[in-house]
Engineer: 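Could you have a look at this structure, given as C-alpha cells, before my questions?
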Amino acid sequence: MGSVRTAVFPVGGLGTRFLPATKAVPKEMLPVVDKPLIQYAVEEARDAGVEHFVFITASGKSAVEDHFDRNFELETVLAQQGKHDLLRHILMDGMVPGRLAYVRQMDPLGLGHAVWCARHLIGNGPFAVLLADELLRGDRPPLADLIDVHEDIGGNVVSVIEVAAEDTGSYGIVKPGRIDGRRIEVRGLVEKPDPADAPSQYAVVGRYILEPAIMGLLGEGHIGAGGEIQLTDAMARLIGGQPFNAVIHEGSRYDCGSKVGLLEANVALALERDDLVGVESAVRRALGD
Ligand code: UTP
C-alpha cells in the first residue's frame with residue numbers, strides 16, 4: 001500500500017481568466033483535445049497510487065461530479081450502437097463508489113481555504129494536492145516523483161520548475177537550501193515575489209504532498225497576497241519543524257489556467273495522437289504558412 005492514498009483537487013476557483021467560457025462550465029472541465037483538465041489530474045494521481053479522491057467544489061461546478069459518475073443513458077446508447085471504444089473511454093478505472101468525495105468551498109477565499117475544506121476527509125496521514133489547471137506530463141506520473149521523495153525523507157514535498165526571472169511574480173517561489181540532482185531542500189517559500197525580491201527562480205507548479213499539520217495553520221485564516229488565504233503562506237510556516245523538499249519536474253508542463261497555455265497543451269497533445277489526422281497541417285494553416 002502506498003504512503004499517499006488521498007488526493008485533494010481544488011476546483012472551487014472562479015476561473016475569471018476564461019470568462020465567458022467559465023460562466024457555466026468549470027475551468028477544470030475545459031478540454032485538452034478530448035478530455036477535461038480534471039481527468040488528466042485524477043488519472044495522474046490514480047496512476048501514482050492514490051485511492052481516495054476529494055474534490056473541493058463550488059456552486060456551478062456540478063459538471064465535475066457528473067463527469068466522474070456513471071451516465072446510464074449514454075452507456076446504453078453507446079452499447080446499442082456497438083461503440084465499445086467510446087464506452088471504454090467514458091468509464092474511468094478506479095472511480096468506484098466510496099472513493100470520491102465532494103466538499104463545497106462555499107466562499108472562494110483562496111487555494112489555502114480550499115485545501116482546508118478537506119480537513120475532515122484526509123485522515124491522519126500525508127495527502128496530495130493537485131491543481132488541474134497545471135497539466136504536467138512525464139515518463140511516469142509526475143506526482144509519483146513527489147511520493148518517492150516523501151517515502152525517502154518524509155514531510156512535505158512540492159513540484160517546481162525553473163521560470164524566467166521576470167516571471168517570479170506569478171508563482172510561489174522556493175528559497176533553496178541543498179540541491180541534490182532534482183531534489184531541493186526548501187528553506188523558505190514566498191508567494192508571488194517581485195523579481196528583485198525572489199529567493200530563486202524555482203516556482204511551485206501545482207503538485208504537493210502535505211502533512212496534515214498544515215490544516216491547523218490554514219484554519220487560522222491568515223489573509224495573504226491578493227486578499228486570499230494562501231497555501232504558500234501556511235506551507236512556509238511548516239518549514240523548519242518538518243522536512244520540506246522540492247522536486248524539479250522533468251517533462252512537459254502547460255499552464256492551462258492561461259489561454260495561451262491551454263492552446264499550447266491542445267496543440268502539443270493533439271500532435272502526439274496517432275488517431276488524429278491532419279493536426280500539423282491545420283496548425284500550419286492557422287499560422288498562414
Ligand atoms: P487560480 O489562482 O488559477 O484561480 O486558482 P481561479 O479562480 O481558478 O482562476 P482565475 O485566476 O480567476 O482565472 C488555482 C487553483 O486553486 C483553485 C482553483 O480552482 C485552481 O485549481 N481555487 C482557487 C479554489 O479551489 N478555491 C479558491 O478560492 C481559489
Side-chain angles (χ1 to χ4, degrees), residues 7-32 36-45 53-65 67-68 100-119 121-122 127-136 142-143 158-161 163 167-173 189-193 203-208 210 214-215 218-219 221-235 253-263 265:
V8 175
F9 301 86
V11 295
L14 295 173
T16 55
R17 282 173 286 172
F18 280 99
L19 284 170
T22 46
K23 189 177 169 199
V25 175
K27 174 172 75 174
E28 297 76 10
M29 288 302 294
L30 296 178
V32 172
L37 282 167
I38 187 67
Q39 189 172 339
Y40 288 94
V42 168
E43 287 177 351
E44 177 187 335
F53 306 86
V54 179
F55 299 85
I56 311 302
T57 73
S59 116
K61 301 272 184 171
S62 51
V64 175
E65 288 178 52
H67 183 71
F68 292 108
L100 295 92
Y102 297 88
V103 181
R104 286 274 181 137
Q105 189 183 2
M106 294 183 200
D107 296 305
L109 298 179
L111 176 58
H113 181 258
V115 171
W116 178 73
C117 290
R119 66 197 178 283
L121 294 168
I122 51 132
F127 61 100
V129 177
L130 294 93
L131 304 188
D133 53 4
E134 289 280 3
L135 178 51
L136 302 189
L143 184 69
V158 293
S159 185
V160 294
I161 57 164
V163 296
D167 291 338
T168 57
S170 303
Y171 298 91
I173 300 289
L189 280 165
V190 191
E191 183 64 18
K192 300 187 171 65
V204 178
V205 283
R207 299 291 180 277
Y208 315 78
L210 297 170
I214 191 105
M215 292 300 187
L218 289 171
H222 290 300
I223 306 296
E228 295 193 333
I229 301 175
Q230 295 287 356
L231 183 61
T232 306
D233 295 342
M235 290 193 301
R253 172 253 174 183
Y254 306 97
D255 172 13
C256 296
S258 79
K259 290 175 191 136
V260 173
L262 185 68
L263 286 169

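For ligands, and for the atoms within them, numbers begin at 1 and follow the listed sequence.
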Engineer: Is there a donor-acceptor contact under 3.5 Å linking the side chains of His113 and Gln105?
Structural biologist: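 Yes, a side-chain donor-acceptor pair sits under 3.5 Å.
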Engineer: Partners of Ile161 by side-chain contact (heavy atoms from CB on, under 4.5 Å), sequence neighbours excluded?
Structural biologist: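 If we apply the side-chain contact (heavy atoms from CB on, under 4.5 Å) test to Ile161, skipping adjacent residues, the hits are Val163, Val205, His249, Arg253.
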Engineer: Counting only heavy atoms and a distance below 4.0 Å, can you name the residues contacting ligand 1?
Structural biologist: Pro10, Val11, Gly12, Gly13, Leu14, Gly15, Thr16, Arg17, Lys27, Glu28, Gln105, Pro108, Leu109, Gly110, Leu111, Ala114, Asp133
Engineer: Mind checking what makes ring-ring contact (aromatic ring centres under 6.0 Å, His included) contact with Tyr208, not counting sequence neighbours?
Structural biologist: none
Engineer: Which residue pairs satisfy the side chain to side chain donor-acceptor pair (under 3.5 Å) criterion with at least one member in residues 10-25, sequence neighbours excluded?
Structural biologist: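 Counting only pairs at least two positions apart or across chains, no side chain to side chain donor-acceptor pair (under 3.5 Å) contact touches residues 10-25.
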Engineer: Heavy atoms, side chains only, cut-off 4.5 Å: are Val64 and Met29 in contact?
Structural biologist: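 Touching, per the 4.5 Å side-chain cut-off.
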Engineer: Within the structure provided, determine whether Glu65 and Phe55 are in side-chain contact (heavy-atom separation under 4.5 Å).
Structural biologist: no
